[in-house]
Each structure stands twice: as structure tokens, then as C-alpha cells.
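Worksheet for the structure shown next.
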Amino acid sequence: DKGGHRHFMAKEIAEQPHVIGEALSHYLTADGRDIALPDTMPDFAGVDRLVLVACGTAYFACVTAKYWFERIARLPVEVDIASEFRYREPPVADGTVALFVSQSGETADTLAALRYCADKAAHVVSVVNVPESSIARESGTALPILAGVEVGVASTKAFTCQLTVLYLLALKAARQRGHLDADALADRLSALRSLPGILNHALAQDRSAKKVARKLAEADDILFLGRGLMYPLAMEGALKLKEISYIHAEAYASGELKHGPIALIDKRMPVVVMAPRDALFDKTVSNMQEVMARGGKVTLVTDEAGLAEAGDGVTHTLVMPTVADDLAPILYAIPAQQLAYHTAIAKGTDVDQPRNLAKSVTVE
Ligand code: F6R
């Protein structure tokens with residue numbers, strides 16, 4: 001049932017405020033000031049290193065989480081694609097927690113990487129959407145993301161629910177490791193509770209995204225740029241676009257632009273810049289200006305403050321509500337999804353069942 005939407009993907013994009021709210025009510029304590037995790041969950045105070053492993057969109061959720069765990073919880077994080085991790089035979093020491101993220105819970109490479117870590121006696125945690133899945137069953141602790149059934153092959157609500165649960169884990173880790181006091185944690189959780197309302201404002205920008213997407217649909221190649229937390233989000237935006245619109249898209253950390261990809265810039269390759277007005281904004285803007293100086297056509301996804309500061313000369317803008325810096329990846333996922341969705345519609349592709357793709361990748 002598409003709930004009145006044209007595609008499951010549209011329905012699932014629209015469900016995000018609700019399902020994120022569900023995940024928050026599941027994990028927050030009754031007074032809303034702390035995060036409740038199962039007893040099997042190790043205390044992060046005794047953890048030396050966290051290994052995050054997944055495939056595809058779930059991997060980009062992991063890359064985002066690395067920024068949170070390292071900055072907020074001061075916990076060293078290694079993040080890898082499951083198909084690389086499993087064959088590299090990496091050392092997994094005592095004191096390592098291995099965390100696997102999977103919507104389906106059946107992805108063959110992720111499951112194999114999990115078994116490798118379980119054999120090495122690492123504590124295995126999974127963040128999954130399907131609680132009865134193989135990955136959940138074989139984990140020491142399985143944490144549900146509560147996104148509900150995701151039908152569209154391109155992952156949308158599972159991604160933002162994965163981010164929400166990973167952010168909660170980073171906050172819990174910060175609290176247990178002495179980097180966040182009880183009041184600071186409560187403040188962050190209260191900001192998080194206002195997120196579903198903020199996401200609704202982003203969803204309301206759908207018409208603007210559709211207009212931009214009509215232009216993107218004319219391109220053969222599209223570049224996504226972002227820094228810090230917006231870098232993994234840029235990668236997710238590029239993946240979403242290529243899998244459903246079949247337009248070649250790739251993402252770069254904007255600081256890498258001058259190390260090669262800037263050679264590609266011309267007026268025919270649109271550049272999508274994801275940049276809330278955060279501490280790295282000026283750096284990203286200077287990269288964006290380098291693009292525009294070479295005739296590149298920029299779509300800037302930012303907030304009011306960012307637009308006021310850097311809107312000049314930009315071809316298109318998508319204006320997001322203001323949000324706490326650490327929550328921006330969850331919010332900016334929405335325009336990334338909308339751009340992909342409307343570009344695919346403009347191209348006439350099969351949005352919910354893109355060619356060559358399966359919802360659950362149970363073979364390597
Ligand atoms: C992208 C997408 C895939 C999956 C990947 C992992 O939209 O859906 O990249 O994210 O195949 O799948 P799970 O999360 O089921 O392990």
C-alpha cells in the first residue's frame with residue numbers, strides 16, 4: 001500500500017519524521033534525559049576501539065557515525081565496507097566493539113564480516129531494521145532502527161533511522177566515557193526530539209527539489225560536494241541519484257576538489273553542494289566559488305544563514321531549516337532523497353525497482 005503516494009519511495013521519504021519519532025520513543029528514557037540500551041550492550045567506558053562495517057547506504061550511515069563517535073565520544077573508529085573488511089583479515093583486539101549496520105539484516109558480506117569478528121571474540125553489535133534477520137540473531141546485541149518495512153529498493157527511511165540510532169549510541173558513549181554530563185546529554189536529546197518537526201519543514205520543500213531535479217535530469221554526470229558530516233551525506237546523495245536515475249554521480253570531500261576532480265568542472269556538469277552554515281561553511285564556500293569561477297553550475301543546499309552569506313552566483317538553492325550541526329546529516333538526507341527521486345521521475349525510470357538491483361543482497 002503506497003498510502004496515496006505514487007511510489008513506495010515517496011511514501012517512505014514522507015514517513016521519516018514519524019519513524020524517527022518512533023525510534024526516539026523506543027530508546028529515550030521516560031524522562032527524556034537518557035538513552036536506554038539492552039543489558040547486553042557493553043559499556044563504552046571500557047571500549048578502546050569501535051569498528052563499523054556495512055554496505056552501500058548503511059556504510060554511509062557508518063561513515064557519518066565515525067564523525068560523531070570520534071568528536072563527541074572521543075572514541076577511535078574504523079569504518080569499512082563489508083566486502084573489503086572481511087577479506088583483509090584485519091586484527092580485532094580485545095576491547096574492540098564491532099558494529100554492523102544493515103537494513104535487511106541479510107546482506108551476505110556484512111554477515112560474513114560479522115562472523116569473522118564474532119570468531120575473534122569481539123563483542124558484536126548490530127543496528128538492523130529486521131529484528132528476526134540473520135545479522136540480528138548472530139549479534140551479541142541487536143538494536144532495532146524501527147523504520148518499519150522498507151519496500152523501495154533505494155533506502156531512505158532506513159538510512160535516517162540508522163543515523164538516529166547511531167547518533168544515540170555516540171551520545172551514550174560520550175556520557176559513559178565522561179565527555180558529556182547529564183545536562184548536556186539531556187539538552188542534546190531535547191534537540192533530537194524536535195527533529196521530526198524540522199524534517200517536516202524539509203519535506204515541504206519538495207516542489208523546489210522537483211524544479212532543480214528537472215535540470216539535473218539533463219546531465220550525464222553530477223558531482224556532490226560536502227565537508228565533515230556533509231561528506232558522507234554527499235556520498236549517499238550520489239549513490240541515491242545513480243541507483244534510481246542511472247545518471248553517473250560521484251561525491252568528493254570538498255577539500256579534495258583541487259586534487260583532481262576540479263579538472264572535470266564545466267557548465268555541463270551540475271555540482272550539488274551540501275553545506276549548512278556550520279563551522280566548516282566558509283571552507284566549503286571557497287571550494288564552491290572555485291567551481292563557479294570555472295563555469296560550474298551549483299545547486300547549494302543550505303539554510304537561511306548560509307544563503308544570505310553565499311547565495312550570490314549560485315544557480316539553484318534549496319533552503320533547509322536551521323538545525324543543530326550534529327543533526328544536519330539526518331535533515332539534509334531529505335533533499336538528497338528528493339533530488340534523486342524527482343530526477344528519476346523526470347528520466348522515466350522505475351523508481352521503486354531500479355534495473356539490476358535487489359532489495360536484499362544475499363550473495364556476495
Ligand atoms: C542503497 C541501498 C543499498 C543497501 C545495501 C546494504 O539505496 O539500498 O546500497 O544499503 O545493499 O543493504 P542492507 O542495509 O540491507 O545491508
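Given the structure is predicted, the values throughout are model-derived calculations rather than measurements.
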**Q.** Hydrophobic cluster membership, Val285 vs Phe224, 4.5 Å side-chain cutoff
**A.** no
**Q.** Distance-only polar pair, side chains of Glu22 and Tyr27, donor-acceptor under 3.5 Å
**A.** no
**Q.** Over 12 foreign heavy atoms within 6.0 Å of CG, Asp266
**A.** yes
Q. Would Val272 and Leu225 show up in the same hydrophobic cluster when neighbours are defined by side-chain heavy atoms closer than 4.5 Å?
A. no
Q: Kindly indicate, with the supporting measurements, whether the criterion side chain to side chain donor-acceptor pair (under 3.5 Å) is fulfilled by Ser245 and Thr343.
A: CA-CA 6 Å; Ser245 76; Thr343 303; 5.8 Å; no
Q: Output yes when Arg86 and Asp109 qualify as a salt bridge under the 4.0 Å nitrogen-oxygen rule, no when they do not.
A: yes
(Q) Quick one, Leu229 and Trp68 - any side-chain contact, counting heavy atoms below 4.5 Å? (A) yes
Q.
Run the side chain to side chain contact (heavy atoms under 4.5 Å, CB included) test on Leu264 and Met269 for me, step by step, so that the C-alpha distance in whole Å, both residues' side-chain angles and the decisive distance to 0.1 Å come before the verdict.
A. CA-CA 8 Å; Leu264 296 169; Met269 185 178 67; 3.7 Å; yes
Q. Can you tell if the side chain of Gln337 reaches within under 4.5 Å of the side chain of Thr160, non-hydrogen atoms only?
A. yes
Q: May I ask you to decide whether Asp34 forms a salt bridge with Lys172, counting only side-chain N to carboxylate O separations under 4.0 Å?
A: yes
Q.
Any non-hydrogen side-chain atom of Thr64 less than 4.5 Å from a side-chain atom of Leu233?
A. no
Q. Within 45° of the six-membered ring axis of Tyr116 and under 6.0 Å from that ring's centre, is NZ or CZ of Lys120 located there?
A. yes
Q.
Whether the Gln16 and Thr156 side chains hold a donor-acceptor pair (N or O, under 3.5 Å, no angle test) is what I'd like checked.
A. no
Q) In terms of hydrophobic clusters joined by side-chain contacts under 4.5 Å, are Phe60 and Leu339 together? A) yes
Q) Roughly how far, to the nearest 0.5 Å, is CD1 of Ile330 from CD of Gln162? A) 11.0 Å
Q) Between Glu106 and Ser134, do the side chains contain an N or O donor and an N or O acceptor separated by less than 3.5 Å? A) yes
Q | Minimum side-chain heavy-atom gap Val151-Met9 below 4.5 Å | A | no
(Q) Taking atom NZ as the centre, does Lys210 end up with more than 12 heavy-atom neighbours from other residues, nucleotides or ligands that are less than 6.0 angstrom away? (A) no
Q | Derivation and outcome, side chain to side chain donor-acceptor pair (under 3.5 Å), residues Thr299 and Lys215 | A | CA-CA 10 Å; Thr299 295; Lys215 290 288 169 199; over 6 Å; no
Q.
Closer than 4.0 angstrom, basic N to acidic O: yes or no for Lys157 and Glu15?
A. yes
Q) To the nearest 0.5 Å, what is the distance between CG (Leu111) and CD1 (Ile135)? A) 5.5 Å
Q) Does a salt bridge link Arg268 with Glu218, judged by any charged N lying under 4.0 Å from a carboxylate O? A) no
Q. Does a side-chain heavy-atom distance below 4.5 Å link Val127 with Leu166?
A. yes
**Q.** Short N-O contact, Arg49 and Glu78, less than 4.0 angstrom
**A.** yes
Q: Rounded to the nearest 0.5 Å, what's the gap from CD1 on Ile72 to CG on Leu169? Could you check?
A: 11.5 Å
(Q) Let's go through Leu52 and Val77 carefully: what are the C-alpha distance in whole Å and the side-chain angles of both, what is the deciding distance for side chain to side chain contact (heavy atoms under 4.5 Å, CB included) to 0.1 Å, and is it a yes or a no? (A) CA-CA 7 Å; Leu52 301 175; Val77 174; 3.6 Å; yes
Q. Do the side chains of Val319 and Val271 join up, straight or via other hydrophobic residues, at under 4.5 Å, putting them in one cluster?
A. no
Q. Do Glu290 and Lys258 pass the salt bridge (Lys or Arg N to Asp or Glu O under 4.0 Å) test, and can you show the C-alpha distance, the side-chain angles, and the key distance before you say yes or no?
A. CA-CA 9 Å; Glu290 287 157 8; Lys258 55 167 69 66; 3.5 Å; yes
(Q) In terms of relative ring orientation, are Phe85 and Phe100 parallel, tilted or perpendicular, with 30° and 60° separating the classes? (A) perpendicular
Q.
Just by distance, no angles: are the side chains of Thr96 and His123 close enough, under 3.5 Å, to form a donor-acceptor pair?
A. no
Q.
Whether Asp326 and Arg188 form a salt bridge (side-chain N of Lys/Arg under 4.0 Å from carboxylate O of Asp/Glu) is what I want to check.
A. yes
Q | Residue pair Ile262, Val291: steps toward the side chain to side chain contact (heavy atoms under 4.5 Å, CB included) verdict | A | CA-CA 7 Å; Ile262 198 163; Val291 168; 5.6 Å; no
Q.
Is any side-chain heavy atom of Thr315 closer than 4.5 Å to one of Met292?
A. no
**Q.** Distance (rounded to the nearest 0.5 Å) between Leu171 CG and Phe69 CZ
**A.** 9.0 Å
(Q) Less than 4.5 Å apart, side chain to side chain, heavy atoms only: is that true for Gln353 and Val153? (A) yes
Q: Identify the heavy atoms of Met288 and Ala310 that sit nearest to each other, and give their distance.
A: CE-O, 3.6 Å
Q. Under a single-linkage definition using a 4.5 Å side-chain heavy-atom cutoff for Ile, Leu, Val, Met, Phe, Trp and Tyr, are Leu223 and Met235 assigned to the same hydrophobic cluster?
A. no
Q: Carefully, step by step, assess Ser139 and Ser126 under the rule side chain to side chain donor-acceptor pair (under 3.5 Å).
A: CA-CA 6 Å; Ser139 302; Ser126 62; 2.8 Å; yes
Q: For His259 and Tyr252, test the side chains for any donor-to-acceptor distance below 3.5 angstrom and give the result as yes or no.
A: no
Q: Decide, yes or no, whether a salt bridge links Lys359 with Glu150 under the criterion of side-chain N to carboxylate O below 4.0 Å.
A: yes
Q: Check the pair Thr284, Val273 against side chain to side chain contact (heavy atoms under 4.5 Å, CB included), reporting the backbone distance first and the verdict last.
A: CA-CA 8 Å; Thr284 308; Val273 179; 3.7 Å; yes
Q.
Distance alone, cut at 3.5 Å: any donor-acceptor contact between the side chains of His248 and Asp221?
A. yes
(Q) Quick test of your reading of the model: are Asp183 and Arg33 salt-bridged, counting only N-O distances below 4.0 Å? (A) yes
Q. Under 4.0 Å between a Lys/Arg side-chain N and an Asp/Glu carboxylate O for Glu70 and Lys66?
A. yes
Q. Side chains of Ile35 and Leu189: does their closest heavy-atom pair fall under 4.5 Å?
A. yes
